[in-house]
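Letters A, B, ... mirror the listed sequences (proteins, then strands); counts begin at 1.
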Protein chains: 2
Amino acid sequence: MMRIPKRQRQEMLQEKLREGLFLTDEELAVLLDVSVQTIRLDRLELGIPELRERTRQLAHEAHAQIRTMTSGEVVGELIDLELGQAAISMLTVTPDMVFSKTKIARGHYLFAQANSLALAMIDAPTAVTGVANIKYKTPVHMGAKLIAKAEVVKVRGNKYFVWVKTRIDSQEVFRAKFILVSLGQ
Amino acid sequence: MMRIPKRQRQEMLQEKLREGLFLTDEELAVLLDVSVQTIRLDRLELGIPELRERTRQLAHEAHAQIRTMTSGEVVGELIDLELGQAAISMLTVTPDMVFSKTKIARGHYLFAQANSLALAMIDAPTAVTGVANIKYKTPVHMGAKLIAKAEVVKVRGNKYFVWVKTRIDSQEVFRAKFILVSLGQ
């Protein structure tokens, strides 16, 4: 395969990271068809921290923005947040979250992740849940990493219409539409 | 006021207890306009145990019937259960269930009570939640006693349509419609 010039490769690297914030160096190496070491050197030159540091920075910024609750009240690990717009969290299904008989995750954990993420995103001092329409698409098992993405789709007065979609890898396992109501300014 | 003959009064007492299983002796005394002691003597003669014992018996029978989960997995206190038909549970809102900022109960606790009650009621070895449409009618505060009543309204093949209504005293604070799916015979 033809070698791509360094400048072009570094532009592609930045482009890939804009699309997929959580790509590891190994994944970037595969995507750009270069060695992991090349990726590391490129990141160094471009001043892009490694994945763990990028995640930590994002999470820190995300937590600092929350207005409706204390950041510890988000169920799961908050990964990214654009106040009033969108948010991402991750929840790992631990043994205490599954039914002992079937080892299937109890539905209220997926609900709690989605609901708390939706509320955390609201740009108001207080918000409560009004309505939720939810769909469980496939049973979730122990050990699964649930990535929830929440998005404000509409605002009408003090009502926020929020959609949350939860995936395991690329498979959607749960979705919820919330109407949240802010109680203050 | 005219004194009601004993036999008639005891019939009324039994009637009241059929309507309202959880009436205390004090409440029965007010309803029948007699003293609490009269109620106690009537219960003794009729062989009706006191409220605490009635509740305990019911709960014990309820727990024994559950098929979809272990009885400890019901969120809240299971009070009554008619397998495949209806169920009642009580959840007291404790300090760990509220948002620290607003002291309003976190929505997923009301959801968990309703969802686990709905699942516990299903007459099948395994059931999962498919869909839920839920409505929070008023914020719930610390100390509140949430009484959830679940009812199977329709069964289509392996799909169970269940409604849950949650009250504090006589005020409805939450309702949910679930479609649950049984996975085995």
Side-chain angles (χ1 to χ4, degrees), chain A residues 66-76 91 96-120 122 124-141 162 164 173-184, chain B residues 66-76 91 96-120 122 124-141 162 164 173-184:
Chain A
I66 299 178
R67 297 184 63 199
T68 53
M69 59 179 84
T70 64
S71 68
E73 291 175 328
V74 178
V75 175
L91 179 68
D96 59 301
M97 297 182 193
V98 302
F99 282 110
S100 62
K101 224 177 113 172
T102 56
K103 309 295 179 204
I104 293 173
R106 309 189 61 179
H108 63 263
Y109 287 103
L110 286 91
F111 178 84
Q113 180 187 20
N115 188 219
S116 66
L117 187 65
L119 281 170
I122 301 305
T126 313
V128 295
T129 308
V131 170
N133 289 328
I134 68 182
K135 194 170 187 175
Y136 293 87
K137 302 183 78 172
T138 183
V140 167
H141 299 275
V162 176
V164 183
V173 294
F174 172 88
R175 56 164 66 196
K177 292 181 185 178
F178 292 103
I179 304 177
L180 307 174
V181 184
S182 71
L183 298 180
Chain B
I66 299 178
R67 297 186 62 198
T68 52
M69 59 179 84
T70 63
S71 68
E73 291 175 330
V74 178
V75 176
L91 179 68
D96 59 300
M97 297 182 192
V98 302
F99 283 111
S100 62
K101 226 176 112 171
T102 57
K103 308 296 178 202
I104 293 173
R106 309 189 61 180
H108 63 264
Y109 287 103
L110 285 92
F111 178 85
Q113 179 187 18
N115 188 218
S116 65
L117 186 65
L119 281 170
I122 301 305
T126 313
V128 296
T129 308
V131 170
N133 289 328
I134 68 182
K135 194 170 187 177
Y136 293 86
K137 302 184 78 174
T138 183
V140 168
H141 299 275
V162 177
V164 183
V173 295
F174 172 89
R175 56 164 66 195
K177 293 180 186 179
F178 293 103
I179 303 176
L180 307 174
V181 184
S182 71
L183 298 179

Non-hydrogen atoms of chain A under 4.5 Å away: do they reach the side chain of [X], the backbone, both or neither?
X: B:Val128; value: side chain
X: B:Val98; value: backbone
X: B:Thr138; value: neither

Let me confirm one number: the CD1-OH distance from A:Ile179 to B:Tyr136, rounded to the nearest 0.5 Å.
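So the CD1 of A:Ile179 and the OH of B:Tyr136 are separated by 13.5 Å.
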Rounded distance (nearest 0.5 Å) linking atom OG1 of A:Thr126 with atom CZ of B:Phe99:
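Taking OG1 in A:Thr126 and CZ in B:Phe99, the distance rounds to 10.0 Å.
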Partners of A:Lys137 by salt bridge (charged side-chain N to carboxylate O under 4.0 Å, His left out), sequence neighbours excluded?
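A:Lys137: salt bridge (charged side-chain N to carboxylate O under 4.0 Å, His left out) contacts with A:Glu172.
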Min side-chain heavy-atom separation B:Phe111-A:Asn115 under 4.5 Å:
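Contact flag for B:Phe111/A:Asn115 side chains = no.
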State, yes or no, whether a side-chain contact exists between A:Ile134 and B:Thr129 at a heavy-atom distance under 4.5 Å.
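Contact flag for A:Ile134/B:Thr129 side chains = no.
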Partner chain B: residue of A:Gly107, A:Pro139, A:Gly130, A:Ala176 with the largest heavy-atom pair count (under 4.5 Å)
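Most pairs with chain B among the choices: A:Gly130.
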Pairs touching residues 100-110 of chain A that satisfy side-chain hydrogen bond (donor to acceptor under 3.5 Å, both in side chains), sequence neighbours left out:
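Found A:Ser100-B:Glu73.
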